[in-house]
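Shown next, in structure tokens, is the structure this report addresses.
Naming: A, B, ... by sequence-line order, numbering from 1 per chain. Hydrogens, waters and symmetry mates are skipped; everything else that's a heavy atom, side chains included, is used.
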Amino acid sequence: MTHRAGPESNPSESSTTFPQVAEPVLRRVQDTIIAWFEEAARDLPWRHPDTSAWAILVSEIMSQQTPVSRVEPRWRAWMDQWPTPADLAAAPTAEVLHAWDRLGYPRRALRLQDAAEVIAADLDNQVPETTEELERLPGIGSYTAAAVSSFAFGRKATVLDTNVRRVLVRLFAGRERPTTSPGREETAWAANLVPDVKHVEWNAGVMEFGALVCTARNPDCPACPLHDICTWNQLGRPASATKPKTQKWAGTDRQLRGAIMDVLKAAHAAGDDRHGVSLDVFTTSVTELDPTLIDSLSESTAAAVARVRELSADRDRISRLMTDLVTDGLAQKIDGRLALPNR
DNA sequence: AATCCGGGGCG
DNA sequence: CGCCCAGGATT
């Protein structure tokens with residue numbers, strides 16, 4: 001072999017996307033972030049020393065795309081009800097979805113229970129420590145695996161969430177915001193920035209720094225202890241050219257699906273779903289708003305039905321979304337009746 | 001790489 | 001009312 005492979009030997013573009021960071025600069029950033037974190041970190045309950053690895057895992061799942069302020073009360077109630085993986089694995093799925101409340105993305109709750117079943121059945125009820133093992137669990141991807149390995153077990157890992165990606169990209173690459181999802185190149189780049197000592201504080205610190213100082217919307221650059229060496233700040237904080245278009249909500253299937261889920265949860269809470277909510281009663285109630293049929297349900301369930309009715313009177317569409325809920329495992333259909341799953 | 005998947009709250 | 005929030009799975 002007298003020659004190297006050709007195609008990949010043009011480093012001109014990638015080196016500017018994720019540039020090498022000079023050693024003194026990196027040390028300054030690491031020391032600053034870690035010191036800042038140890039002084040300014042929020043007192044989150046799952047950061048307390050006696051928190052179990054499972055409790056930390058639960059907090060990470062709940063925090064996916066959901067603000068900490070909304071997670072905290074749900075997490076407390078959840079851990080009080082199901083302290084270990086075996087507890088959650090044994091719980092009725094309808095109760096799990098009800099306890100998930102309105103945290104959003106309810107399939108996260110299903111996958112969390114799936115993960116609990118694997119841990120309880122195959123892993124002696126113990127949360128695995130390595131990112132490789134964690135990533136095999138349902139609902140756990142690269143971020144959550146690294147976070148649990150780092151925060152619950154103190155292992156060195158590369159925690160790369162939206163906060164970390166934004167902070168690193170601003171500091172070292174001069175861009176306002178990261179891409180939609182991290183690629184292999186970015187992950188490797190970020191891994192090289194993790195220090196060998198106090199890597200847990202680094203991981204948690206960069207995340208916290210992105211959440212409190214280097215925020216997406218109104219970063220507090222005047223208060224930033226790194227403003228003098230921040231590439232993005234030096235460039236005058238240029239806005240990224242292409243901002244990802246935000247997903248619609250009003251009028252979408254997602255909104256209507258959520259309202260239908262509310263009916264199931266209300267029916268479950270009121271005991272209306274002992275034999276499931278009849279599909280006929282449900283769809284007729286929704287489309288015709290028939291008082292007779294509504295009266296056969298509890299007041300809270302009827303109110304949830306009325307809310308669906310406000311969003312849509314399209315019977316076919318409602319029918320299709322209910323079918324989707326069954327397919328996704330978020331609802332269960334038995335003899336023409338619809339209910340929350342009872343696995 | 002782009003989409004979809006909930007829901008709420010803030011500027 | 002647009003945008004963002006400790007992402008993951010699928011295509």
Side-chain angles (χ1 to χ4, degrees), chain A residues 17 37 41-42 44-47 55-75 97 100-112 114-115 131 134-152 157-167 176-187 200 203-212 214-220 239-240 242-262 264-265 307 311 321 324-325 327-330:
Chain A
T17 307
F37 177 71
R42 291 169 293 182
L44 302 179
W46 43 84
R47 282 180 180 159
I56 291 174
L57 191 157
V58 172
S59 80
E60 294 297 341
I61 299 290
M62 286 185 172
S63 299
Q64 291 168 4
Q65 301 293 286
T66 304
V68 163
S69 56
R70 275 206 289 154
V71 166
E72 206 171 317
R74 292 294 100 225
W75 179 83
L97 288 169
W100 191 257
D101 197 26
R102 304 185 67 77
L103 285 177
Y105 295 132
R107 42 185 88 213
R108 284 185 295 162
L110 298 183
R111 281 165 182 157
L112 181 56
D114 290 340
T131 56
L134 285 160
E135 279 195 58
R136 291 192 206 112
L137 296 172
I140 296 190
S142 56
Y143 160 74
T144 305
V148 171
S149 191
S150 177
F151 303 148
T158 306
V159 175
L160 206 54
D161 78 326
T162 180
N163 286 312
V164 175
R165 297 183 66 217
R166 183 177 57 252
V167 171
E176 181 192 22
R177 62 180 75 240
T179 59
T180 51
S181 59
R184 288 301 177 88
E185 189 184 358
E186 182 180 353
T187 302
V200 176
N203 285 329
V206 183
M207 273 179 54
E208 191 81 341
F209 194 74
L212 298 182
C214 194
T215 55
R217 244 175 307 192
N218 297 115
D220 194 3
S240 287
T242 60
K243 290 195 288 187
K245 54 182 178 181
T246 55
Q247 295 176 339
K248 295 292 184 215
W249 171 246
T252 62
D253 285 352
R254 294 169 64 182
Q255 184 190 30
L256 186 54
R257 191 183 294 113
I260 295 172
M261 275 283 293
D262 284 345
L264 298 179
K265 286 196 278 193
R307 230 166 290 129
L311 294 174
L321 292 180
D324 289 346
L325 286 175
T327 303
D328 293 345
L330 289 165

Distance in angstrom units between [X] [atom1] and [N] [atom2], rounded:
X	N	atom1	atom2	value
A/Gln255	B/dG7	CD	C1'	10 Å
A/Arg108	B/dC4	CZ	P	19 Å
A/Met261	B/dG6	CE	P	8 Å
A/Leu256	B/dC4	CG	P	17 Å
A/Leu311	B/dG6	CG	P	14 Å
A/Leu97	B/dG7	CG	P	11 Å
A/Arg74	B/dG8	CZ	P	12 Å
A/Gln65	B/dG9	CD	P	17 Å

Kindly indicate whether the side chain of [X], heavy atoms from C-beta on, has any atom under 4.5 Å from the side chain of [Y].
X	Y	value
A/Gln247	A/Thr252	no
A/Val68	A/Trp46	yes
A/Val58	A/Trp75	yes

For [X], which contact category applies under a 4.0 Å heavy-atom criterion: base, sugar-phosphate, or nothing?
X	result
A/Leu44	base
A/Trp100	nothing
A/Thr144	sugar-phosphate
A/Gly141	sugar-phosphate
A/Leu103	base
A/Thr215	nothing
A/Arg42	base
A/Ala147	nothing

Between the side chains of A/Asp262 and A/Arg102, is the shortest nitrogen-to-carboxylate-oxygen separation below 4.0 Å, so that they form an ion pair? yes
With DNA chain B as reference, determine whether A/Thr179 or A/Lys265 sits nearer its 5' end, using the nearest nucleotide of each.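 First, find each residue's nearest nucleotide; the 5'-ward one identifies A/Thr179.
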Between A/Arg107 and A/Arg102, which has a closest nucleotide on DNA chain B that is more 5'? A/Arg107
Nearest heavy atom decides the nucleotide; on that basis, is A/Pro138 or A/Gly210 closer to the 5' end of DNA chain C? A/Gly210
A/Arg217 has a side chain; which of B/dA2, B/dC10, B/dG7 sits nearest to it?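 Selected nucleotide: B/dC10.
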Looking only at the side chain of A/Gln247 (C-beta and beyond, no hydrogens), which of the listed nucleotides B/dG11, B/dA2, B/dC4 gets closest? B/dC4
Under a 4.0 Å heavy-atom criterion, DNA chain C is touched by chain A from C/dG2 to C/dA9
Residue-phosphate contact under 4.0 Å: A/Arg254 side-chain N/O, B/dC4 OP1/OP2: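 For B/dC4, OP1/OP2 do not have a side-chain N/O of A/Arg254 under 4.0 Å.
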Just do the side-chain contact (heavy atoms from CB on, under 4.5 Å) check on A/Ile61 and A/Ile140 with the steps written out, would you? CA-CA 8 Å; A/Ile61 299 290; A/Ile140 296 190; 4.2 Å; yes
Taking the same atom, [atom1], in [N] and in [M], what whole-Å distance lies between them?
N	M	atom1	result
C/dT10	B/dG7	C1'	22 Å
C/dG8	B/dG8	P	22 Å
C/dA6	B/dT3	P	24 Å

Run the side chain to side chain donor-acceptor pair (under 3.5 Å) check on A/Thr179 and A/Arg165 step by step: do they pass? CA-CA 9 Å; A/Thr179 59; A/Arg165 297 183 66 217; 2.9 Å; yes
Taking side chain to side chain contact (heavy atoms under 4.5 Å, CB included) as the criterion, tell me which of A/Leu112, A/Val148, A/Asp161 meets it with A/Glu60.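 With A/Glu60 as partner, side chain to side chain contact (heavy atoms under 4.5 Å, CB included) holds for just one option, A/Val148.
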Sole residue of A/Met62, A/Arg70, A/Gln64 in side chain to side chain contact (heavy atoms under 4.5 Å, CB included) with A/Thr66: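 Among the candidates, only A/Arg70 passes.
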Can you find a donor-acceptor pair, distance only, under 3.5 Å between A/Ser69 side chain and B/dG9 base?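 By the distance-only test, no, there is no pair.
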With sequence neighbours excluded, residues passing side-chain contact (heavy atoms from CB on, under 4.5 Å) with A/Asp253: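 Only A/Arg257, A/Arg317, A/Arg320, A/Leu321 meet the side-chain contact (heavy atoms from CB on, under 4.5 Å) criterion with A/Asp253.
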